[in-house]
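Predicted model only: the values in this text are computed from it and were never measured.
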Protein chains: 2
Amino acid sequence: MANTNGPTRERISVIAYELLKEKGIAGLSMRALADRLHIKAPSLYKHVADKEEIIAGLQARGLQEFGNAIKRAGKSKRAKALAYRKWALENPHLYEITVSIPLLRDRIPVGLEDGVTRMIIEITGKDHEHARAVWALMHGLVDLEIAGRFPKDADLELTWKRAVAMI
Amino acid sequence: MANTNGPTRERISVIAYELLKEKGIAGLSMRALADRLHIKAPSLYKHVADKEEIIAGLQARGLQEFGNAIKRAGKSKRAKALAYRKWALENPHLYEITVSIPLLRDRIPVGLEDGVTRMIIEITGKDHEHARAVWALMHGLVDLEIAGRFPKDADLELTWKRAVAMI
DNA sequence: CTCCCTTGCTAACAGTGTTAGCCTGAAATT
DNA sequence: AATTTCAGGCTAACACTGTTAGCAAGGGAG
């Protein structure tokens, strides 16, 4: 049929992004993705090597957006930390696909991960080891919160206050 | 056949535990589990309601062993923190199944999660909010390390030293 | 001896990612 | 203008996942 605005790689990537945001990683199947593009699943493979390529694209997009969100935040540690939390909670599926599953380093643009990592490290201004601990602290807080690991009555605002104070 | 030492629920749980430790969550399929018990996958359902029940059992075992490991460690914050890391790195699949996927609270013994949580909180001796931040810090460090998120040349011993100092 | 129930089995279904092979219409070449 | 090439759709199928239905055989209870 050669639909003139047929699913190019870019279009697939955009729809996959939407699907992920709506349905989460579990809902991101090749058939569901194909449905939204009004094609059948095997046709996707005319544009994309495998599902990993799609996931890698989403990880790249996630890193990009995440990095921008932190960049846009105020310069203080506190503002950066809260921006980290805010973005992760507003985009839990994106956060999960970029941070909680193995990063497909070979298939995302070089430098993207480094850029985000360096930005996080710069939040503290101290050495790399300290920065890594800070990153781990923020990631741990977000990860446990998304996983519902804290009791319902936990005062997470206060927890983050304490965390920022520890930095 | 009614094999006298046939796969009772207990036996299934033990073999599942072994399988998880060896092959990880992805390798823990009902058919693989059945193979090791020398039965077919559908026969598992004569002993167990579904796969979630098996996972819940593993989460309970994981929490138990994890709790013991920390309990056995020295009383200092540093000793506890290092025990946390040591156990998680030595049992990455168990750590993952108990902490990195949703905890099946309805299907594990009541109090188990609370016990472990309280133990972690007691490490600091301070208030709950501070303790949660400490937990998040340790979890974040372990999670990022297992996920291979830190550069290969990162000095994680030093990072943990810095982290313990932050507590 | 007979009945029942436990616990195995096979066949099957719906879902997953993925491959092979076919077909068709549009674009490019002669 | 006629022909060839090829991008991009399709169906059928495979191996895998968890799971259900229904059958069969053996041991224990009456």
Side-chain angles (χ1 to χ4, degrees), chain A residues 1-59 93 96-97 100-104 106-108, chain B residues 1-59 93 96-97 100-104 106-108:
Chain A
M1 287 293 173
N3 194 340
T4 51
N5 61 344
T8 58
R9 202 119 102 285
E10 177 59 23
R11 209 164 121 63
I12 290 175
S13 173
V14 170
I15 301 294
Y17 195 60
E18 285 177 21
L19 189 56
L20 173 68
K21 279 201 269 194
E22 286 176 37
K23 308 284 182 182
I25 293 182
L28 182 68
S29 75
M30 297 301 269
R31 283 171 177 86
L33 178 56
D35 274 356
R36 292 210 173 184
L37 291 157
H38 307 290
I39 61 176
K40 304 299 175 188
S43 301
L44 286 170
Y45 292 82
K46 289 288 157 71
H47 307 276
V48 142
D50 51 22
K51 192 183 180 183
E52 260 198 11
E53 184 173 322
I54 292 169
I55 291 176
L58 293 171
Q59 290 183 327
H93 301 311
E96 189 182 1
I97 211 169
S100 295
I101 71 171
L103 187 65
L104 302 168
D106 299 343
R107 311 184 79 165
I108 64 172
Chain B
M1 286 295 170
N3 195 340
T4 52
N5 61 344
T8 59
R9 201 120 99 285
E10 177 59 22
R11 211 165 120 63
I12 290 175
S13 172
V14 170
I15 302 294
Y17 195 60
E18 286 177 21
L19 188 57
L20 173 68
K21 279 201 270 193
E22 287 176 36
K23 308 282 181 183
I25 293 182
L28 182 68
S29 75
M30 296 301 269
R31 283 171 178 86
L33 178 55
D35 274 356
R36 291 212 175 185
L37 291 157
H38 307 291
I39 61 176
K40 304 298 175 189
S43 302
L44 286 170
Y45 292 83
K46 289 289 154 71
H47 306 276
V48 142
D50 51 21
K51 191 183 181 182
E52 260 198 9
E53 185 174 320
I54 292 170
I55 290 177
L58 292 171
Q59 290 183 326
H93 301 312
E96 189 182 2
I97 210 170
S100 294
I101 72 171
L103 187 64
L104 302 168
D106 299 342
R107 310 183 80 165
I108 65 173

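Atom CD1 in Ile12(B) sits about 11 Å away from atom C1' in dT7(C), given to the nearest Å. Rounded to a whole Å, the CG atom of Leu44(B) is 13 Å from the C1' atom of dC9(C). Protein atom NZ of Lys46(A) is 9 Å distant from nucleotide atom P of dG8(D), rounded to whole Å. Atom CD1 of Ile39(A) is separated from atom P of dC10(D) by 7 Å (rounded to the nearest Å). Following rounding to the nearest Å, Lys40(A) (NZ) and dC23(C) (P) show an atom-to-atom distance of 19 Å. We find that CG of Asp50(B) is positioned 5 Å from P of dT19(D), with the value rounded to whole Å. Here the C1' atom of nucleotide dG17(C) and the CG atom of Asp35(A) are 15 Å apart, to the nearest Å. Residue Glu53(A) contributes atom CD, which lies 14 Å from atom C1' of dT18(C) at whole-angstrom precision.
Contact between the side-chain N/O atoms of Ser29(B) and the OP1/OP2 oxygens of dT17(D) is found at a separation under 4.0 Å. Within the structure, every side-chain polar atom (N or O) of His47(B) is placed at least 4.0 Å from both OP1 and OP2 of dT6(C).
Take the nearest nucleotide of DNA chain C for Ala26(A) and for Ala49(A): the residue whose nucleotide is more 5' is Ala26(A). Position along DNA chain D of the nearest nucleotide to Pro42(B) versus Pro42(A) favours Pro42(A) as the more 5'-ward residue.
Counting only distance, with no hydrogens or angles, the side chain of Glu52(A) and the backbone of Leu104(A) share no donor-acceptor pair below 3.5 Å. Looking only at distances, no side-chain donor or acceptor of Lys40(B) sits under 3.5 Å from a matching main-chain atom of Arg31(B). A donor-acceptor contact shorter than 3.5 Å is absent between the side chain of Glu96(A) and the backbone of Ile101(A). Under the 3.5 Å distance criterion, the side-chain polar atoms of Asp50(B) are matched with a main-chain donor or acceptor of Glu53(B).
Judged by distance alone, with hydrogens and angles left aside, Lys51(A) brings no side-chain donor or acceptor close enough to the base of dG17(C) to form a pair under 3.5 Å. Between the side chain of Arg31(A) and the base of dG15(C) there is no donor-acceptor pair of N/O atoms closer than 3.5 Å.
Comment: Glu18(B) does not engage Lys23(B) in a salt bridge, judged by the lack of any side-chain N to carboxylate O separation of less than 4.0 angstrom.
Nucleic acid contact for Leu28(A): sugar-phosphate only, since backbone atoms but no base atoms lie under 4.0 Å from a heavy atom of the residue.
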